[in-house]
Amino acid sequence: MSANIVVLDYGSGNVRSAVRALERVGASVELTADPDAVLAADGLVVPGVGAFASVMEGLEAVRGPYLIDRRLSGGRPVLGICVGLQVMFEEGTEHGTSARGLGQWPGSVVRLEAPVVPHMGWSEVRPPAGSPIFDGVERERFYFVHSYGVLADPAEGMVGPTTPPQVTWATHGVDFVAAVENGALTATQFHPEKSGDAGSHLLENWLGTL
């Protein structure tokens, strides 16, 4: 039986490519913000295109922070993509203004320190050993489009008895977080839906964890 996936519909652009990519690897996909569907799905995908603050505004308009937190508190899988990764952190700073994120992980999203920004194109990633979502694509390139990222290791900012997240890194001028795997919450800075066969394989791996 195929996994039932909801792609959260909160006004983010270009979500159809994520829907199609998930359908290609065998998922049954619904694009909706209906709370019952969001909470009942086997997996929730949180896409994100554009500015951190506007993505947060869109999420708040459909009670996204509450729904995401509710799923995660029950161990229900969530996958964030691009700005969908960034908003999982505590805050984002763009154009000199700061916006609060969802605070699932410690850390701030800042402008990349690189000769050319945005970072646009294919880059290698460096996943940790034993990463479930990178199984079989550890040495592949993935497609990035972003000007901002997380430069500090979120595992170093976590306190208490929590299991530290598995962090994947990439480099564009500086090292930045390319993906995080942390229990029910997984997120990628790159776009798996635009990353060809490697991206499809990664999405299949994620579906296999549900």
Side-chain angles (χ1 to χ4, degrees), residues 1-50 55 58-59 62-88 102 104-105 122 125 127 130-146 165-166 168 177-210:
M1 183 175 170
S2 64
N4 172 34
I5 305 299
V6 163
V7 175
L8 187 60
D9 185 12
Y10 66 93
S12 177
N14 203 26
V15 293
R16 294 289 174 186
S17 57
V19 171
R20 289 194 297 270
L22 287 157
E23 289 175 339
R24 279 198 299 271
V25 294
S28 173
V29 187
E30 183 179 6
L31 176 62
T32 183
D34 176 72
D36 292 337
V38 169
L39 294 174
D42 297 321
L44 173 67
V45 174
V46 181
V49 175
V55 168
L59 288 172
V62 298
R63 299 180 71 209
Y66 164 77
L67 294 170
I68 292 165
D69 198 57
R70 178 96 179 270
R71 281 190 64 89
L72 293 174
S73 65
R76 306 282 286 161
V78 174
L79 172 65
I81 295 175
C82 195
V83 186
L85 169 140
Q86 295 178 5
V87 295
M88 298 300 172
L102 299 176
Q104 297 293 337
W105 295 315
W122 299 80
V125 298
S131 160
I133 64 167
F134 287 99
D135 183 28
V137 287
E138 296 92 345
R139 300 182 184 278
E140 297 293 338
R141 291 172 174 263
F142 293 86
Y143 189 77
F144 292 83
V145 183
H146 63 121
Q166 293 179 288
T168 294
V177 173
V180 185
E181 298 164 80
N182 187 202
L185 180 56
T186 301
T188 66
Q189 177 63 70
F190 56 83
H191 289 271
E193 77 279 11
K194 298 178 182 177
S195 296
D197 290 344
S200 294
H201 192 110
L202 183 139
L203 290 173
E204 280 187 290
N205 285 345
W206 179 67
L207 292 176
T209 68
L210 305 182

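All residue numbers refer to positions in the sequence shown, counting from 1.
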Under 3.5 Å, which donor-acceptor pairs do the side chains of residues 29-39 form with other protein atoms, sequence neighbours left out?
| from | atom 1 | to | atom 2 | distance (Å) |
| --- | --- | --- | --- | --- |
| T32 | OG1 | D34 | N | 2.9 |
| D34 | OD2 | D36 | N | 3.3 |
| D34 | OD2 | A37 | N | 2.9 |

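Partners of Q104 according to the side-chain hydrogen bond (donor to acceptor under 3.5 Å, both in side chains) rule, which considers only residues two or more places apart in sequence or in another chain, are D69. With sequence neighbours excluded, the residues satisfying side chain to side chain contact (heavy atoms under 4.5 Å, CB included) with D135 are E138, N205. Evaluation of the side chain to side chain contact (heavy atoms under 4.5 Å, CB included) rule for S131 yields P127, P128, I133, F134, E181 as partners, not counting sequence neighbours. When the side chain to side chain contact (heavy atoms under 4.5 Å, CB included) test is applied to V55, the partners found at least two apart in sequence or on another chain are Y10, L59, V83, V87. Legend: residues meeting salt bridge (Lys or Arg N to Asp or Glu O under 4.0 Å) with R141, ordered by chain and number and at least two apart, are E124. The ring-ring contact (aromatic ring centres under 6.0 Å, His included) search around H191 returns none, not counting sequence neighbours. Not counting sequence neighbours, H201 has no partner by the side-chain hydrogen bond (donor to acceptor under 3.5 Å, both in side chains) test. Scored by the side-chain hydrogen bond (donor to acceptor under 3.5 Å, both in side chains) test, R63 finds no partners at all (sequence neighbours excluded).
Counting only heavy atoms from C-beta outward, the side chains of L22 and L203 approach each other to under 4.5 Å. Within the 4.5 Å cutoff, side-chain heavy atoms of V46 are placed close to those of I68. A heavy-atom distance below 4.5 Å is not found between the side chains of V6 and V45. Inter-residue side-chain proximity for E193 and S200 is flagged as unmet; no heavy-atom pair is nearer than 4.5 Å.
The closest donor-acceptor contact from the side chain of R76 to the backbone of A41 lies under 3.5 Å. A donor-acceptor pair is defined here as one N or O able to donate and one able to accept, closer than 3.5 Å; such a pair exists between the side chain of S195 and the backbone of Y143. The backbone N or O of I81 sits nowhere less than 3.5 Å from a side-chain atom of T188 that would complete a donor-acceptor pair.
In this structure, the ring of F144 has its center less than 6.0 angstrom from the ring center of F190.
Nearest heavy-atom pair, P47 versus L8, reported as atom, atom and distance to 0.1 Å: CD-O, 3.8 Å. Closest non-hydrogen pair, L202 versus P192, comes out as CD2-CB, 4.1 Å. Looking at every heavy atom in both residues, D42 comes nearest to R71 through O-NH2, 3.3 Å. Taking every heavy atom of both residues into account, G48 and C82 meet most closely at O-CB, 3.3 Å. In this structure, V125 and A178 approach most closely via the heavy-atom pair CG1-CB, 4.1 Å. Closest of all the heavy-atom pairs between S28 and S2 is CB-OG, 3.7 Å.
For the atom pair CG (L44) and CG (L79), the distance works out to 9.0 Å, reported to the nearest 0.5 Å. For the atom pair CG (L185) and CE (M88), the distance works out to 5.0 Å, reported to the nearest 0.5 Å.
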>> Would W206 and V25 count as a side-chain contact (heavy atoms from CB on, under 4.5 Å) here? Give the steps.
In response: CA-CA 11 Å; W206 179 67; V25 294; over 6 Å; no

